[in-house]
Amino acid sequence: MEPIPFLDLGAVFERSKKDISLAMSRVLESGWYILGREVETFENAFARFCEAEHAVGVANGLDALELGLRAMGVKAGDEVIVPSNTYIATWLAVSHVGAIPVPVEPDATFNIDPDRIEAAITAKTRVVLPVHLYGQSANMTRIVAVARRHGLRVLEDGAQAHGARHDNRRIGAYGDAVAWSFYPGKNLGAMGDGGAVTTNNPGIADRLRVLRNYGSRIKYHNETIGFNSRLDEVQAAILSARLLRLDKENSHRGKIAQIYNEGLAGTQLVLPVVARHAEPVWHLYVVRTKDRDGLAAKLLEHKIGSMIHYPIPPHLQPAYASLGLAEGSLPISETLHREVLSLPMGPTMTKSQAIRVIAAVREWDAGRTVA
Ligand SMILES: *Cc1c(COP(=O)(O)O)cnc(C)c1O
């Protein structure tokens with residue numbers, strides 16, 4: 001029995017090998033390796049893809065978030081509203097600018113609950129930072145409405161949602177800006193680190209271009225204390241090649257999700273809840289059960305990989321001990337972190353692999369009495 005890996009990245013890149021090799025040689029032969037034509041070409045293509053006016057390439061997703069916050073003028077002592085249920089990078093970016101992450105609990109979609117945002121707003125709040133977790137858009141209509149009512153900016157974390165739609169429009173410029181990651185395992189992944197920010201706000205785009213390049217618009221003229229956070233030419237060329245396949249890969253993920261939805265219905269698992277406004281791109285297919293560890297062990301018996309996204313919520317990490325958010329302070333998120341399991345998902349996964357996963361889950365289900 002062939003193992004089913006959680007995600008077969010080698011196979012993903014192998015399929016684009018010709019295009020990627022061509023892209024890499026083109027850069028190699030160009031003699032220009034930082035901030036050149038490839039980055040500009042990719043920025044234009046990605047902005048179009050996201051239905052946004054501007055895209056600015058940066059070094060990685062965490063920098064995209066941090067520079068996005070800086071471009072919005074967030075400063076030390078400010079507060080930024082973040083989901084309690086997210087990858088820690090969302091919080092780290094807030095901390096890196098000296099601001100304070102203020103967590104808000106999720107609803108049934110795993111995303112930030114728009115009903116709970118208003119209660120978290122104080123006189124120090126500057127930005128609301130929703131994450132489109134696992135590939136499903138947060139409720140942007142309601143989040144933007146509450147932010148506008150209070151004069152707040154909205155920065156979105158799109159690291160898991162390249163191509164996702166909200167009310168038929170792509171994620172890309174619902175809020176003031178969207179931070180993207182091109183870490184290899186994302187739906188749009190580079191062969192190394194990469195990131196970008198998309199926005200319809202020309203002022204934010206302009207500040208980002210200066211911030212990412214030593215605070216400089218003209219070489220050796222530095223107008224602010226900037227950073228070195230650039231997307232490089234090789235990664236940009238690879239991303240341009242991979243972007244051409246993204247819609248097809250995302251719809252393949254959608255088909256696998258559909259097979260899971262049908263095959264796992266009626267088991268004791270809590271299946272992913274998709275909001276009416278959302279058209280997800282299934283970065284991850286995340287199920288819930290109190291017997292999460294038992295399920296993972298059963299899958300392993302059948303040589304099926306799975307992962308936990310994420311095992312420990314940010315507020316319970318030693319890194320955030322200083323916030324004083326004790327165990328029990330964010331109970332919804334804490335329960336999720338105990339119960340979630342991500343099943344195999346990816347653009348090269350086959351239907352027969354999905355059927356084998358379903359059979360293994362059903363074997364686990366049959367061996368369990370209802371809790
Ligand atoms: C991957 C990820 C990031 C960070 O991206 P990097 O490119 O690894 O820095 C941020 N937020 C979320 C939700 C992510 O999944």
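Remember, it's 1-based here, ligands and their atoms both numbered in the order they're listed. Everything numeric here is computed off the predicted structure, so don't read it as measured data.
You'll find the ring centres of Phe46 and Phe182 inside the 6.0 Å limit.
Residues that satisfy the ring-ring contact (aromatic ring centres under 6.0 Å, His included) test with Phe6, not counting sequence neighbours, are His309.
Between the Arg148 side chain and the Leu152 main chain, a donor and an acceptor come within less than 3.5 Å of each other.
Inspection of the Glu118 and His150 side chains reveals an N or O donor paired with an N or O acceptor under 3.5 Å. Ser95 and Tyr320 share a side-chain donor-acceptor pair at under 3.5 Å. For the residue pair Asp291 / Thr289, no side-chain donor-acceptor distance below 3.5 Å is found, with atom types taken as modelled.
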May I have every N or O pair linking ligand 1 to the protein at under 3.5 Å, one per line with atom names and distance?
unit_1   : atom_1 : unit_2 : atom_2 : d
ligand 1 : 5 (O)  : Ser181 : OG     : 3.2
ligand 1 : 7 (O)  : Gly61  : N      : 2.8
ligand 1 : 7 (O)  : Ser181 : OG     : 2.7
ligand 1 : 9 (O)  : Gly61  : N      : 3.3
ligand 1 : 9 (O)  : Leu62  : N      : 2.9
ligand 1 : 11 (N) : Asp157 : OD1    : 3.4
ligand 1 : 11 (N) : Asp157 : OD2    : 2.7
ligand 1 : 15 (O) : Gln160 : NE2    : 2.8
ligand 1 : 15 (O) : Lys186 : NZ     : 2.7

